[in-house]
Structure formats: C-alpha cells, structure tokens
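A short worksheet on the structure shown next.
Chain letters run A, B, ... following the sequence lines, proteins first, then strands; residues in each count from 1. No hydrogens, no waters, no symmetry mates; every other heavy atom, side chains included, goes into these values.
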Number of protein chains: 2
Amino acid sequence: MLRELFLGFIRVHILFHAGEAPVWGAALMEELARHGYRVGPGTLYPILHALERQGYLRHEPRAVEGRIRKYYRITPAGRRILARAQAQLRELVREALPARGRSR
Amino acid sequence: MLRELFLGFIRVHILFHAGEAPVWGAALMEELARHGYRVGPGTLYPILHALERQGYLRHEPRAVEGRIRKYYRITPAGRRILARAQAQLRELVREALPARGRSR
DNA sequence: TGAGTGATATCGGATGGCGATATTACGCCG
DNA sequence: CGGCGTAATATCGCCATCCGATATCACTCA
C-alpha cells in the first residue's frame with residue numbers, strides 16, 4: 001500500500017546509517033523494521049547494489065564470528081547526495097508538517 | 001540521478017497540498033519546481049491518476065477562464081495515508097537529520 | 001474557421017520493486 | 001572428515017512505475 005511513498009525515506013535511512021558506522025544488509029533490515037518499514041531481502045539487497053553502482057556506497061567484506069558480512073559505508077558522493085536529501089527533507093518538513101516539535 | 005529518492009517526497013507534497021486546497025496538475029508542477037523537484041507531465045499525471053485510483057485523491061473538473069482544469073482534493077483515506085507519512089517523516093527527521101531548527 | 005494557449009493524456013522502452021527461492025560460507029558435532 | 005544448521009547475501013521473473021516526447025483536448029479571440 002503506497003510503498004513507493006516510503007522507498008525514498010528508506011534510502012535516506014540507509015545513507016545516513018552508512019555514514020554513521022559501517023552497516024550490513026541484515027542489520028539494516030532489522031533497523032528498518034524497527035522504524036516500521038517492512039523490507040524483504042529481495043528489496044533491500046538490490047537497493048544496496050544500486051546505491052553502490054551509483055557510487056554512493058562502498059562495501060568491504062569482513063568475517064565476523066565465522067560469517068561473512070559485507071559492511072557498507074558511505075562515499076563522498078554519497079555524503080553529497082545525503083546532504084541534498086536532508087535539505088529537501090528540511091524543506092518538506094517546514095512545508096508539509098504541522099509545526100510541532102520544531103522551532104525557528 | 002537518484003530520482004527514486006525524491007518520488008516519495010513529491011507524493012507527500014501532493015497529498016499535503018491537496019489537503020490544504022484543491023490543486024490542479026500544472027500548478028503542482030510549478031510548485032514542485034519551486035521546491036527543486038523537476039517533474040514533467042509524463043511523471044506527474046500518472047502519479048495523480050494512481051493516487052486517485054488508490055482512493056487518496058478525487059478530482060472535479062472545473063472551467064476557469066475558459067480552460068478546463070481538474071481540481072484534485074484529498075479524500076479521508078488520503079488524509080490517513082498522509083498522517084502516516086507525516087509520522088514516518090517526523091521519525092526520519094528525528095533520526096537522520098542533524099538536530100538543527102528543532103527542539104524537544 | 002483556424003491559430004494560439006493552458007491543461008491534461010498517452011506511448012513505449014527502460015528501470016525498479018519484491019516475494020520466493022537459491023546460493024554461499026562457515027562452525028559444529030559425531 | 002561429511003553433512004547439517006544457520007546467518008547472510010544473491011538472483012529470478014513478473015509486474016508496476018518512470019518519464020521524455022508527443023498527442024489530444026477545449027476554449028478564446030481575431
């Protein structure tokens with residue numbers, strides 16, 4: 001139901017988290033689920049691949065407890081895109097969110 | 001470049017504006033352009049049709065200065081979806097936006 | 001009537017979404 | 001060592017969406 005509404009939000013989440021600390025796919029899925037986005041692997045992994053192909057993420061495989069994870073972190077280009085998304089977000093909030101919990 | 005990031009934002013804009021006052025396609029395109037989203041008619045109109053098909057908008061043709069415009073306004077179901085989007089937006093802001101211009 | 005104009009509609013190739021299913025790679029245990 | 005369990009990631013295939021280009025529509029005015 002209108003998932004296309006949230007796919008952009010999800011990407012912002014991903015870029016942001018990948019900018020804070022390296023993240024891997026499965027952890028992202030849990031994180032997103034905590035935020036109310038139900039995203040399956042068939043959705044998430046292609047998104048990660050696309051973000052990497054576009055140069056916004058880069059991954060590095062790492063062995064953790066005998067498992068191999070691909071840790072993604074943001075690239076400089078990714079930071080630029082994230083900054084633009086955050087600016088748009090700020091504007092969207094200023095315009096389309098009832099002024100609450102905000103000031104100045 | 002990563003337009004899929006913004007398509008959700010655009011939909012929030014549309015639903016919000018249609019909740020404030022009746023809007024027609026061409027005016028929305030200008031409005032969105034002012035906010036930095038470059039959206040052509042081949043993108044916007046199918047989105048309006050889809051939102052209407054899903055029951056979030058309803059249109060009413062009206063003659064204005066000899067032209068026919070389709071004024072869209074939000075439906076109750078649209079308001080519910082918008083409220084959910086706004087909630088997600090608030091959460092996204094709280095999480096992924098550097099605390100600035102916000103309090104508590 | 002026909003040129004002009006604001007507004008909306010459609011077409012079609014490319015791309016993306018996503019549930020279901022498969023694959024990979026390791027530890028563990030007998 | 002096999003082969004089972006499991007965490008993590010990958011892929012398949014169908015369907016929906018995207019969107020620039022182009023067409024259509026409806027009305028005014030000369």
Could you go through residues 31-42 of chain B and list every donor-acceptor pair under 3.5 Å that involves a side-chain atom there, pairing it with any protein atom two or more places apart or in another chain?
{"from": "E31(B)", "atom 1": "OE1", "to": "R34(B)", "atom 2": "NH2", "distance (Å)": "2.8"}
{"from": "E31(B)", "atom 1": "OE2", "to": "H17(B)", "atom 2": "NE2", "distance (Å)": "3.1"}
{"from": "E31(B)", "atom 1": "OE2", "to": "H35(B)", "atom 2": "NE2", "distance (Å)": "2.9"}
{"from": "H35(B)", "atom 1": "ND1", "to": "E91(A)", "atom 2": "OE2", "distance (Å)": "2.5"}
{"from": "H35(B)", "atom 1": "NE2", "to": "E95(A)", "atom 2": "OE1", "distance (Å)": "3.1"}

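- The nearest whole Å value for the distance from the CZ atom in R67(B) to the C1' atom in dT28(D) is 6 Å.
- Per the geometry, CD1 belonging to I68(A) stands 14 Å off C1' belonging to dA10(D), to the nearest Å.
- For the pair G25(B) and L44(B), the tightest heavy-atom approach, listed with the atom from each and the gap, is O-CD2, 3.2 Å.
- Rounding to the nearest 0.5 Å places CZ of R11(A) at 10.5 Å from CG of L57(A).
- Here R69(A) lies in heavy-atom contact (under 4.0 Å) with sugar-phosphate atoms only.
- Between the side chain of Q88(B) and the backbone N or O of F6(A) there is no donor-acceptor pair closer than 3.5 Å.
- Judged as a salt bridge (Lys or Arg N to Asp or Glu O under 4.0 Å), the pairs with a partner in residues 43-60 of chain B (not counting sequence neighbours) are, in order, E60(B)-R62(B).
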Next item on the list: List the steps, then state whether side-chain contact (heavy atoms from CB on, under 4.5 Å) holds for L82(B) with V12(B).
Entry: CA-CA 7 Å; L82(B) 177 58; V12(B) 176; 4.2 Å; yes

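- Every residue two or more places apart in sequence or in another chain was checked for a salt bridge (charged side-chain N to carboxylate O under 4.0 Å, His left out) with R69(A), and none qualifies.
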In residues 72-81 of chain A, what donor-acceptor pairs under 3.5 Å come from side-chain atoms, sequence neighbours left out?
{"from": "T75(A)", "atom 1": "OG1", "to": "G55(A)", "atom 2": "O", "distance (Å)": "2.6"}
{"from": "T75(A)", "atom 1": "OG1", "to": "Y56(A)", "atom 2": "O", "distance (Å)": "3.4"}
{"from": "T75(A)", "atom 1": "OG1", "to": "A77(A)", "atom 2": "N", "distance (Å)": "3.4"}
{"from": "T75(A)", "atom 1": "OG1", "to": "G78(A)", "atom 2": "N", "distance (Å)": "3.1"}
{"from": "R79(A)", "atom 1": "NH2", "to": "G19(A)", "atom 2": "O", "distance (Å)": "3.4"}

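- A heavy-atom distance below 4.0 Å to DNA chain D is reached by these residues of residues 15-25 of chain A, ordered by number: W24(A), G25(A).
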Notebook entry, point to check: Could you write nucleotides 11-24 of chain D as a row of B, S and -, 5' to 3', where a protein heavy atom under 4.0 Å of any base atom gives B, of only sugar-phosphate atoms gives S, and otherwise -?
Noted result: B------SBBB---

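- Protein chain A contacts DNA chain C from dG17(C) to dG27(C), reading 5' to 3' and using non-hydrogen atoms of the protein with a distance under 4.0 Å.
- By the 4.5 Å side-chain criterion applied to Ile, Leu, Val, Met, Phe, Trp and Tyr, Y71(B) is assigned to a cluster that also includes W24(B), V64(B).
- The shortest side-chain heavy-atom distance between I14(B) and V23(B) does not fall under the 4.5 Å cut-off.
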